[in-house]
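A short write-up of the structure that comes next.
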Amino acid sequence: MTIKIVTDSTADISPQIARELGITVVPVYVRFGDKMYRDGVEIGWDEFYERLTKGSVHPSTSQPMPSDFADVYSKLSKEADAIVSIHVSKKMSGTYNSALQGREMAGVSSRVQVIDSLVVSMGLGLITMMAARLAKAGESLQTVLSEVKQAIPNIRVIGVFDTLKYLALGGRIGKARALVGGLLHVKPMITMRDGELVPAGLARTRAMAVERLVQMVKTTFNVQEVGIVHSTTPDEAYSLKERIGSIVSEELIHIARLGPALGVHAGPGTLILALRKSVEPVGVGNP
Amino acid sequence: MKQIKTAGGQDLREMFNAATTWLEKSVSDIDALNVFPVPDGDTGTNMLLTMRSAIDEAYLAPDHSASAVAQSLAKGALMGARGNSGVILSQIWSGLAQGMADKEAFSGKDLAEALDKAAQKAYQGLSNPVEGTILTVIKQATAAAQKQADSDESDLLSVMEAAVEAAAQAVADTPTLLPVLKEAGVVDAGGQGLYTILEGALYYLRGEIELIQLRKPIMVASSIPLPSRIQQTFQSEVPYGYCTEFIVKGKELSVDKVRVKLQKKGESLIVVGDDATVRVHIHTLDPGNVIHYATSLGTLHKVSMRNMDEQLQDFMEMQKERMPSVDMAIVAVVSGDGLAEVFSSLGVAIVVSGGQTMNPSTKDILQAVESVSADKVIILPNNKNIVLTANQVHSLTKKSVKVVPAKTIPQGVAALLAFDYEADFDENAKIMGKALSTVRSVEITRAVRSTKLGGLEIKKKQAIGLLDDDLVAVGDSIPDCLHQVLERIDMDEAEVVTIYYGADIQLTDAEKVSASIREKYPHMQVEIVNGGQPHYDYIVSIE
């Protein structure tokens with residue numbers, strides 16, 4: 001049985017990993033004024049952050065169109081028996097709905113499973129990568145789906161923001177609105193719960209915020225895989241990787257760049273840590 | 001690049017038909033923002049009803065020219081206008097129709113000109129235009145549209161985009177212009193409504209009808225941090241009376257004369273129309289009087305009277321339901337505008353004014369505890385003398401109350417930063433209590449009289465320095481005294497120095513002090529904040 005895995009560009013999966021694991025990434029649209037770009041395809045990351053911080057027009061994003069999904073599903077259904085399409089939390093974006101519509105447009109509804117990951121960025125990326133490995137190993141559709149469903153509640157995503165300005169501009173701040181920081185240069189931290197952004201707290205300095213990310217990895221039992229995502233601070237991401245390298249083996253820590261689709265809302269200086277922990281509690285079940 | 005040169009009447013109608021659908025999706029969100037001029041929570045509903053009436057009439061337009069459709073939209077809006085924002089919206093339509101008169105189709109330039117007429121009309125309808133409302137939004141949108149229309153590459157789409165973008169910014173800025181919005185922690189409802197309508201029209205022009213179906217409009221976030229104090233704002237004893245609206249039809253009516261006549265009969269008066277039809281909107285305690293006068297002018301139509309005090313009650317109930325479902329809230333005692341803003345921005349629900357030499361009463365703190373929406377309340381006294389007062393509160397209320405005994409402002413801030421969103425009430429009180437010892441507090445003030453304290457000879461008006469509430473230094477100058485205190489602290493271990501300068505200190509002086517600290521302790525991050533507190537010239541936190 002051939003299963004193809006699809007996600008969207010908010011998963012922040014690098015083109016290299018996508019190629020290796022056979023993941024199809026449907027790009028989200030980024031718009032500067034009246035110009036529309038496909039995330040990662042038509043606009044590069046450095047160019048994007050340069051324009052985000054220095055340009056006069058604040059960009060916005062729109063979800064992929066149903067026809068984008070329909071095209072992907074039609075093409076993949078020629079070579080696969082089933083398609084598992086895993087996406088950004090539907091409370092944050094219309095992508096999930098767009099995928100459902102695309103499935104109908106393509107007339108392949110029975111063969112496409114559309115799943116709401118309840119998370120975003122590498123949180124979504126880690127679930128998708130896990131699904132792709134299972135699919136590649138020839139597991140059954142049932143196994144892939146049940147593993148994905150079990151993984152979803154075991155994903156943690158927490159981000160350190162330099163400012164909440166960009167989230168506020170994009171109107172995406174949701175319940176995390178309580179964190180404004182205001183006059184002090186405190187660093188807001190946001191996590192995800194039930195598909196929504198919620199406040200995780202405030203750190204007095206950036207270093208203290210990064211320390212909390214390290215603590216999160218330290219205090220979580222049985223971490224399976226980690227994603228570190230940065231928008232403009234690669235050095236910080238690599239030093240964080242080094243610090244948690246003693247807890248999680250290095251090949252299970254992936255560093256990724258926050259793509260434009262999310263970068264619009266997060267801004268420069270964003271550092272996100274995503275982790276997938278094991279479904280079984282420690283000491284229970286077979287190794 | 002997609003360009004749209006012109007649009008005709010059919011497009012005009014469909015644009016705003018789509019915009020009405022878009023508006024409809026956010027009616028309840030807009031209603032919830034409504035605090036000005038009367039917090040009766042119906043702005044979104046009123047704007048929607050006005051738009052619907054406009055669209056219905058647009059389908060009856062005699063032909064498909066932009067001019068005819070705009071006239072019909074304006075007529076429908078005027079006939080169906082409800083509430084303050086509805087009537088102003090109808091004036092915007094009336095101005096747009098004037099601007100599009102005799103036009104088969106309209107270009108970007110035409111739209112910008114019509115918007116200008118619309119903005120003028122909107123201001124004219126009011127006896128007392130207030131900024132920070134829908135008026136400011138139409139004005140800013142118009143200015144941006146005109147600027148874009150004057151550029152070489154302008155087309156209809158780019159003009160509309162410029163207008164929408166400026167409208168969003170104008171909505172975000174409304175709390176800076178209108179204090180009642182800032183206090184209530186919201187942006188202006190009517191402004192948001194207008195922005196949503198323009199945004200919906202833009203989606204239509206871009207061909208993104210799908211977006212309108214799938215998405216929901218987003219409420220614009222304020223450009224300044226806003227405290228969530230909605231509950232406090234409306235404890236007004238003044239009755240609002242009746243929102244009275246009607247249309248008078250007659251001959252040779254004078255809008256100006258009617259306006260002058262009704263000027264003193266109530267608030268939020270809007271009189272618009274022409275010599276045959278005049279629409280009146282007024283908040284009055286005596287609607288009978290207003291109606292009596294109006295019947296002398298001609299026949300009355302679409303008469304509506306609503307008891308706003310009753311509406312306010314419903315609105316308060318609605319707000320209660322909409323308050324974030326936090327079960328915990330924090331009340332802090334702080335003096336100084338800057339410090340109050342710092343505490344609000346870090347998540348304090350209510351700031352009770354008070355501090356050194358001006359301790360609040362138990363009743364003051366109790367009132368704050370009672371008025372927050374949560375049943376579990378943490379109090380940060382931020383002063384040694386207020387800890388005791390705060391401790392009295394728990395026996396006077398049914399709510400669960402815990403006092404985190406912060407004795408200084410820096411301790412209060414440290415406690416707030418430690419607040420853990422995942423932890424429960426008891427745990428948070430513990431975590432916050434623990435955080436008090438993670439910070440050192442320095443306070444610099446002046447001696448009110450000569451004395452001898454803790455082995456120090458102090459002359460009246462000399463600068464004195466406290467470290468964690470203990471008097472440890474005395475000096476002839478403030479900076480000298482501050483440095484004396486800092487020398488007692490192990491600065492190698494610390495990372496951040498935050499300087500809150502008081503009401504009597506100039507920024508330039510604070511900057512000098514900050515520079516001297518940076519010079520002496522180059523590894524530290526130093527921040528200056530205008531605390532605006534009385535009594536203490538400087539409050540410094542070392543973390």
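What's counted below: heavy atoms across the whole structure, side chains too, no hydrogens, waters or symmetry copies. Below, read A as the first sequence line, B as the second, and so on, with proteins coming before strands; counting in each chain starts at 1.
Evaluation of the side-chain contact (heavy atoms from CB on, under 4.5 Å) rule for A:E236 yields A:R206, A:V210, A:T233, A:L271 as partners, not counting sequence neighbours. The side-chain contact (heavy atoms from CB on, under 4.5 Å) test applied to A:E104 returns A:S109, not counting sequence neighbours. For A:E50, the side chain to side chain donor-acceptor pair (under 3.5 Å) partners are A:K54, not counting sequence neighbours.
In this structure, chain A has a heavy atom under 4.5 Å from the side chain of B:Y500, while its backbone stays farther away. Contact of A:Q63 with chain B is made through backbone and side chain together, with heavy-atom distances under 4.5 Å.
For A:R243 and A:S239, the side-chain atoms include no donor-acceptor pair closer than 3.5 Å. Side-chain polar atoms of A:Y29 and A:D68 form a donor-acceptor pair below 3.5 angstrom.
At least one cation-pi condition fails for A:R103 and A:F69: the charged atom is not both under 6.0 angstrom from the six-membered ring centre and inside a 45 degree cone around its axis.
Applying side-chain hydrogen bond (donor to acceptor under 3.5 Å, both in side chains) to A:R204 and the options B:Q525, B:E543, B:E495 leaves one that passes, B:E543.
Residues of residues 151-159 of chain A placed with any heavy atom under 4.5 Å of a heavy atom in chain B are absent; none qualify.
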